[in-house]
J.: 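Got a structure for you, written out below as structure tokens; questions coming shortly.
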Amino acid sequence: MPGPTPRPAPGHDTPTTFRPAQPADAAAVAAIWRSGWRDGHLGHVPDELVAVRTPESFTSRARERVEDTTVAVRAGAVAGFVMVVADEVEQVYVAAAHRGTGLAGALLARAERLVREYGHERAWLAVATGNARARRFYARNGWCDEGAFAYPAAGPDGPVSVPCHRYAKQLADPRGARARP
């Protein structure tokens, strides 16, 4: 006799909607951002940057960046977000409870679509060199590692140089054709 029908992992069967962030989303975005940032960056970025990435800094930055933010909503709550400026995918974060559900891939696809809508055929992003999990994720999603560089992360007293790798992706034309290289 067959066993019970396997159930999808939590979150896989939860409908997701995407929308531009609103000012009321800033607290949820800040909480997701801080938690995810700490998971992916502690031990991989300069101590100078860690010292200024306080809970308050994430809250103020989330408020300042509402215009650049798209949120993913599941069951009425913000479950993740992306921040896109021009051709750069600046931030991609998923709440811990929604990791492993495919939401990160859906958010990245949404970010790629936004870059294309902004008129760019190629997107790029920076990944902390030591963040192996994120680097594998981007590679699995068709992004190419273009090598190491120093990313100027915003700090209260000016940029903080962070060892990163630049990942880029040639985007498909929304009509289905590949964009020119």
Side-chain angles (χ1 to χ4, degrees), residues 2-41 53 55 58-128 131-144 167-179:
T5 304
R7 295 181 49 126
H12 278 285
D13 55 350
T14 305
T16 303
T17 57
F18 298 93
R19 63 171 171 75
Q22 301 166 356
D25 298 321
V29 167
I32 293 167
W33 195 358
R34 181 172 187 263
S35 173
W37 188 89
R38 293 179 61 79
D39 288 348
H41 292 83
R53 291 297 188 251
F58 286 98
T59 300
S60 65
R61 290 167 64 223
R63 284 187 193 129
E64 293 166 5
R65 302 295 305 276
V66 167
E67 295 287 321
D68 304 325
T69 305
T70 298
V71 294
V73 178
R74 287 186 170 172
V78 175
F81 71 93
V82 292
M83 290 181 183
V84 177
V85 176
D87 62 343
E88 182 183 2
V89 178
E90 286 191 8
Q91 312 294 335
V92 180
Y93 285 97
V94 174
H98 297 277
R99 292 181 192 161
T101 66
L103 183 56
L107 278 164
L108 185 59
R110 178 60 55 133
E112 291 170 10
R113 191 170 100 196
L114 288 169
V115 169
R116 188 73 185 157
E117 287 175 8
Y118 297 160
H120 304 280
E121 296 178 348
R122 194 165 197 268
W124 76 278
L125 54 82
V127 182
N131 190 345
R133 181 174 50 109
R135 292 179 65 192
R136 285 190 305 271
F137 167 73
Y138 292 118
R140 278 193 315 270
N141 282 278
W143 289 70
C144 297
Y167 279 72
K169 185 174 183 180
Q170 192 70 33
L171 304 175
D173 185 292
R175 296 174 301 252
R178 292 287 298 168

J.: Using distance alone, with no hydrogens and no angle criterion, decide if T70 and R110 have a side-chain donor and acceptor under 3.5 Å apart.
T.: no
J.: Using side-chain contact (heavy atoms from CB on, under 4.5 Å), reason through I32 and V94 one step at a time and then give a plain yes or no.
T.: CA-CA 7 Å; I32 293 167; V94 174; 5.7 Å; no
J.: First locate atom CD of E64, then atom CZ of R61, and finally report the distance between them rounded to the nearest 0.5 Å.
T.: 8.5 Å
J.: Taking all heavy atoms of G105 and all of N141, pick out the closest pair and write down the distance.
T.: CA-OD1, 4.4 Å
J.: Between N131 (side chain) and A128 (backbone), is there a donor-acceptor pair under 3.5 Å?
T.: no
J.: T69 side chain to R65 main-chain N or O, any donor-acceptor pair under 3.5 Å?
T.: yes
J.: Please give me the minimum heavy-atom distance between A26 and A62, naming the atom from each residue.
T.: O-CB, 3.5 Å
J.: Could you grab the distance from atom CZ of R135 to atom CH2 of W143, nearest 0.5 Å is fine?
T.: 14.5 Å
J.: Between W124 and Y167, is a side-chain contact (heavy atoms from CB on, under 4.5 Å) present by the stated rule, with each step listed?
T.: CA-CA 6 Å; W124 76 278; Y167 279 72; over 6 Å; no
J.: Looking at CG of D87 and NZ of K169, how far apart are the two atoms once the value is rounded to the nearest 0.5 Å?
T.: 15.0 Å
J.: Would D25 and R19 satisfy salt bridge (charged side-chain N to carboxylate O under 4.0 Å, His left out), going step by step from the backbone distance to the final call?
T.: CA-CA 11 Å; D25 298 321; R19 63 171 171 75; 2.6 Å; yes
J.: Could you report the tightest heavy-atom contact between V78 and A28, atom names first, then the distance?
T.: CB-CB, 3.9 Å
J.: Please check if the number of heavy atoms outside E67 that lie under 6.0 Å from its CD is greater than 12.
T.: no
J.: Do you know the tightest heavy-atom contact between R133 and R99?
T.: NH1-CD, 4.4 Å
J.: Any carboxylate oxygen within less than 4.0 angstrom of a Lys/Arg side-chain nitrogen, looking at E112 and R116?
T.: no
J.: Nearest 0.5 Å, what's the CZ-CZ distance between R34 and R38?
T.: 5.0 Å
J.: Quickly, which of V82, V84, D68, V85 forms a side-chain contact (heavy atoms from CB on, under 4.5 Å) with E90? Name it, please.
T.: V85
J.: Roughly how far, to the nearest 0.5 Å, is the CH2 atom of W33 from the OG1 atom of T59?
T.: 10.0 Å
J.: Got V92 and F81 here, is their nearest side-chain heavy-atom distance under 4.5 Å?
T.: no
J.: So how far is it from F18 CZ to L107 CG, rounded to the nearest 0.5 Å?
T.: 5.0 Å
J.: Which heavy atom of T16 sits nearest to which heavy atom of A72, and what is that distance?
T.: CG2-CB, 3.9 Å
J.: Before giving the answer on side-chain contact (heavy atoms from CB on, under 4.5 Å), spell out for R74 and T101 the whole-Å C-alpha distance, their side-chain angles and the decisive distance to 0.1 Å.
T.: CA-CA 11 Å; R74 287 186 170 172; T101 66; 2.8 Å; yes
J.: Determine whether V29 and F58 satisfy the following criterion, side-chain contact (heavy atoms from CB on, under 4.5 Å), listing intermediate values before the conclusion.
T.: CA-CA 8 Å; V29 167; F58 286 98; over 6 Å; no
